[in-house]
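Accompanying notes for the structure given below.
Values below: every heavy atom of this structure, side chains too, minus hydrogens, waters and symmetry copies. Treat the numbers as computed from the prediction; the structure is a model and nothing was measured.
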Amino acid sequence: VGAMVLALCVLNIFDVDIHVNKKSPTGGRRSLLSTLYLSGPSTLLPWAEHHLVDVTDRPDPEAETALFWHIPKSGGTTAKRLYQCMGQTLAHRVGADPKFGHDKESDIVVFEPHGHKDWKVVNVDTTIKAGIIRAKKLGLVQSHTTDLIFTMEPNFAGQQLYDEENKGRFLALFRHPVDRALSMFFYLQTATWERTYRPEWANMTVMEWAELPNAEEDYMVHKLVGKPFGEKVDEMDLIIAKELVRQRFIVGLMVEMNESIRRFNIVLGVDEESERSGQCMEEFGLVSTKEEIPAETEEGDGKRALKEQRAHATDKKNSNKHPKFEKGSPEFDSIASRNSLDVHLYEYIETLFDAQKEILDSYLEEEGEPEAQHDDPQADESAKLALLPPGAAVKAITNPREIRNSLADVNAPFGDRKSETPFFWHVPKSGGTTLQRLYWCMGSTIANEVGANPKFGVENGELSPFKAFNPWKDNPGKVVNVDICTHEGILQAKNRGFLANPGQPHVDFVSTSEFQFASMMLFSPDRKARMFALFRHPIDRAVSKFFYLQKATWEPTYNERWAQMSLEEWASRDRGDNNWMVRNLIGKGMRDALNTEDLDLAKEIVRTKFVVGIMDRFEESVHRFNILLGVDESDPKNQQCIEEFSSNGGDAHSHRNKEQIIKKNVFNSYSHPEAERGSTAWVSLSKIHMYDNMLYRYIVQLFNEQRAMFISTPKVV
């Protein structure tokens, strides 16, 4: 009740208008579904973010090239032969077979391998990495000659074949990992035509086979994240795999073959009503969408018959009958335990299959068609809940309560550097750049993004050893050859074993704005982060950012449109950065609604995990950070650095800083106007950043309370 009263009071004070945008270019219903489906924080791999279309993007077969991830014994061969039958032009192994004479061509060639069968392929083998490299050199995707690419290497193909101008759409059929493994076991006992034929398995029981060393455990997770089978995958890899599938895969289930193919046909632009498509669907045992499903009761014969038909719709040429084992049997459980990450992933994919139905059906509507009216509010609400991202039907991928186990408690004694590493959360335009330069002046080693800058000539690839080096003359500060300020860089640092493997250079602290992602990827309960941060009033921070990005042409986020705006115009509406601190602390995306429970959670994280500093109290904040970092304030050199940088205090005193925003300066601090309290801009920004404002007031209170933690260590004057 108290939380509700607080929320109502805050809304009343700021007179916030709450409304729902009911118009969109492609219809309000689909816009809502898309927003629900893709809401939440993302751990999407950079190549997938930039090279593949969203699940919720309306299909455009003319502009995008589809790729089918062929998971062995999961219905992929059936799908391939079905689309061959329908006359689609495919890229797979057949096109590069030397017997057709096109495998050495220097250009993409579309041809019919069997003239009497009326189906086409291109002259590349996209099922293997070497073939994918050749396809890239020949410009397969850029040629727009292919309807559907088949591959067993989704991560590699996604990185190599597509770009921002020529994007891909990913499809896949999934099967329960235990059923898939059993099918592979029985199939390879007799499949003499396969390169992986295993006659020695013929006399084994399932339990004997399950005890053998298996290089392909957790096959799907390995393939999605791009790890070789000799390298172990873990829960973080599972999180990345889930997010990749959620945002970029149209998912099908082998046990729902008919419905899966129907959805694939929608995004591929296949006309199921054509005579040829209908004949092919019938040949492969698939029910035409024009046929009526028998109207029976929930347990009636019609439903059972349909379920049986869906489960067995397959290609008889590539199917093999074999014994089945139920969940709970020794055979099933033994295989499941060795593929636990794949089992979790498959169960998650089942929820996505349900969630994607309404989105895929919406593509059958004409663009701009009015949204359908729904008379059943309860059913409508159920549909919305089904579309929620990880965290609804399944466990949240960025649950703050999970990552908090990887963060040291603020009141816990400081541990040694083997058990914890200081982590500076860099809140933009809050004095963080000044603070880093202060500690470089003292000779500290900081891991942020600087060490990966190619201008310094230090390798930072997957196999590069870690190195601390001094990148500047006349400055004793050092950096490490990692980039922990982007998702891609953090993933690479994790894969290289940063902070985890022995023999690494000493790091005084890590610094990044990516609180959630870095906490999740680089730290663990056995190797914790010791958090500290500088905070600034959210309105001052927003105003500073506005004036800075008007003219900071050297920044990737420089905004030329803002250069023509007044502060009042810019502050009149949200510019996509509202309540940045609360969202980043709890892991909510910019499109997610916030509430007082989110604010309370953010407060709890800061209270229990952070040594807080205040930009307007820069010198006192630095003193506390020095104690945390073990800096000797009595050292004359350190005293000189503290005096030099504390006199500037970031741009907390921008009205005293005479330097205009013309070129980048050492403090990253510039003179700019301020929003006067009570002004139109101030009131508008107060509404926009309401939760951050309340969090900041709480942090100021914490700053005063934490003084007792440092009172026994007087500041050197």
Crowding at CD, E568 (>12 non-hydrogen neighbours, <6.0 Å): yes
Evaluate whether atom NZ of K609 has more than 12 neighbouring non-hydrogen atoms of other residues, nucleotides or ligands under 6.0 angstrom away. yes
Do the charged groups of R607 and E705 touch, with an N to O distance under 4.0 Å? no
Can a salt bridge be assigned to the pair K227 and D218 using a cut-off of 4.0 Å between side-chain N and carboxylate O? no
Keeping the roles fixed (side chain from S621, backbone from I614), state whether a donor-acceptor pair exists under 3.5 Å. yes
Using 30° and 60° as the class boundaries, would you call the ring planes of F535 and W425 parallel, tilted or perpendicular? perpendicular
Given the side-chain rings of F466 and F498, with only the six-membered ring counted for Trp, is the space between their centroids under 6.0 Å? yes
With ring centroids as reference points, do F509 and F625 lie under 6.0 angstrom apart? no
Run the ring-ring contact (aromatic ring centres under 6.0 Å, His included) test on F523 and F423 for me, step by step, so that the C-alpha distance in whole Å, both residues' side-chain angles and the decisive distance to 0.1 Å come before the verdict. CA-CA 10 Å; F523 299 96; F423 178 170; 5.8 Å; yes
Under the criterion salt bridge (charged side-chain N to carboxylate O under 4.0 Å, His left out), which of D237, D483, D234 is the partner of K494? D234
Does the side chain of N155 come under 3.5 Å of the side chain of Q159 through a donor N or O and an acceptor N or O? yes
Test applied, side-chain hydrogen bond (donor to acceptor under 3.5 Å, both in side chains); reference residue, R583; option that passes from D592, D577, N578, D692: N578
